[in-house]
Amino acid sequence: MNRRPTLLAALTLTAAAALTLSACGSDDSSAAKGNDKIAGADTGDKASPSPSESEAAPAGRPAITFPPDAKNVFEYEKTGDAAKDAVLKDSTLSVNSVDEAILKGNTDTKALGFYNVGKALESSISYAQRYIDGGDTWIGQTRYFDYKVTLTGEKKAYVTYCSDESKSFIKNRKTKKVDRSPADADSYVLYNTSLTKNADGVWQTSNIGSDRGSKACQP
């Protein structure tokens, strides 16, 4: 069993969003693979470590911390477009904020409500709470890749990406037992997300849908 045994509650995107998502990316360098990226890190040749207490968050933004046995890796390259790059960066921070809540066993974290809003926040809280209520957390590494981003005006954006959960596993908090069942097609998930830029310039994830086992994300 992989660390996300059930789908993140899929929220229906608007028809316009779906069309935008299906059309984006063909001319975007953001979909390039090969460079490990951790949320908010600048691009470069080396992967950044998982968030830690020693990492300084940008001014006015909450720090996101992970334990040493859990890590998210984000593979994308900067597009050269400042707005798109900001969207990509905040999209990864949204992902990390949800996982931080799971790892800490608490949905009342500063980052969760900072990087997620509306329906996305509601579903993220419910999703994390299922882990907490079940007495579970996760360990290992999850890889996020094949990013595609498009802008609609100055305050709306859409991002699609894949996840590879084949190297992350559910761990019971009480017994410390880890479920290391072999990976299968459901270890790969396609995400469609919409983001809205708030008054402080933060690109908050406002809606999200997922397709577990998507052929588009299979190796």
Side-chain angles (χ1 to χ4, degrees), residues 8-9 11-14 16-17 20-21 24-25 28-31 37-44 48-66 71-129 142 144 147-161 163 191-210:
L8 181 64
L11 299 173
T12 303
L13 301 177
T14 65
T20 303
L21 287 167
C24 76
D28 269 333
S29 60
S30 60
K37 297 289 169 281
I38 236 16
D42 289 336
T43 56
S48 298
S50 295
S52 65
E53 293 293 348
S54 61
E55 248 182 271
R61 294 187 173 218
I64 298 177
T65 61
F66 279 25
K71 182 178 181 179
N72 285 336
V73 173
F74 302 93
E75 296 178 354
Y76 71 88
E77 292 180 349
K78 287 187 175 181
T79 67
D81 181 297
K84 287 184 177 181
D85 290 338
V87 170
L88 286 168
K89 181 177 180 180
D90 285 350
S91 173
T92 64
L93 289 169
S94 168
V95 171
N96 268 3
S97 73
V98 177
D99 277 330
E100 181 191 41
I102 295 171
L103 294 164
K104 288 187 172 182
N106 180 13
T107 58
D108 190 25
T109 59
K110 292 182 179 180
L112 193 60
F114 189 90
Y115 290 108
N116 303 278
V117 69
K119 292 180 178 179
L121 177 58
E122 292 174 10
S123 66
S124 294
I125 290 174
S126 296
Y127 177 62
Q129 195 63 50
T142 303
Y144 295 88
Y147 277 83
K148 300 177 180 67
V149 57
T150 189
L151 298 173
T152 302
E154 296 181 355
K155 295 185 177 181
K156 194 71 176 181
Y158 302 97
V159 178
T160 64
Y161 55 90
S163 72
Y191 290 93
N192 294 329
T193 65
S194 43
L195 298 90
T196 304
K197 187 178 182 180
N198 70 10
D200 296 321
V202 179
W203 286 94
Q204 296 176 302
T205 298
S206 55
N207 209 339
I208 182 168
S210 59

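Along the sequence shown, residues are numbered consecutively beginning with 1.
- Here the closest non-hydrogen pair linking P62 and K110 is CB-CB, 3.8 Å.
- For the pair Y115/N96, no side-chain contact is recorded, criterion being any heavy-atom separation below 4.5 Å from C-beta on.
- Between the side chain of N198 and the backbone N or O of D200 there is at least one donor-acceptor pair closer than 3.5 Å.
- For the atom pair CG of L103 and CD1 of I64, the computed distance is 11.0 Å after rounding to the nearest 0.5 Å.
- The closest donor-acceptor contact from the side chain of T150 to the backbone of Y158 lies at 3.5 Å or more, if one exists at all.
- Distance check, rounded to the nearest 0.5 Å: CG of L93 to CH2 of W203 gives 14.5 Å.
- For the atom pair CG of L112 and OG1 of T107, the computed distance is 7.0 Å after rounding to the nearest 0.5 Å.
- Residue T152 holds its OG1 atom at 11.0 Å from CG of L195, rounded to the nearest 0.5 Å.
- Partner of S97 under the side-chain hydrogen bond (donor to acceptor under 3.5 Å, both in side chains) criterion, chosen from T205, T92, D90, N116: N116.
- The backbone N or O of V87 sits nowhere less than 3.5 Å from a side-chain atom of S91 that would complete a donor-acceptor pair.
- Rounding to the nearest 0.5 Å gives a distance of 12.5 Å between OH of Y161 and OH of Y76.
- Counting only heavy atoms from C-beta outward, the side chains of Q204 and L121 never approach each other to under 4.5 Å.
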Inset, instruction - For T196 and K156, run side-chain contact (heavy atoms from CB on, under 4.5 Å): C-alpha distance rounded to whole Å, both residues' side-chain angles, the deciding distance at 0.1 Å, then the answer. - result: CA-CA 5 Å; T196 304; K156 194 71 176 181; 3.3 Å; yes

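- The minimum heavy-atom distance between E75 and Y147, with the atom names listed, is O-CD1, 3.5 Å.
- Distance check: D99 CG to K104 NZ gives 12.5 Å after rounding to the nearest 0.5 Å.
- Proximity of a side-chain donor or acceptor of D85 to a complementary backbone N or O of T79 within less than 3.5 Å is detected.
- Minimum heavy-atom separation, E154 to K197: O-CD, 3.8 Å.
- A donor-acceptor distance shorter than 3.5 angstrom exists from the side chain of S206 to the backbone of S194, with no hydrogens or angles considered.
- Of the possible polar contacts, none joining the E100 side chain to the F66 backbone as a donor-acceptor pair under 3.5 Å is found.
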Inset, instruction - Give the C-alpha distance, both sets of side-chain angles, the deciding distance and a yes or no for side-chain contact (heavy atoms from CB on, under 4.5 Å) between V159 and Y191. - result: CA-CA 8 Å; V159 178; Y191 290 93; over 6 Å; no

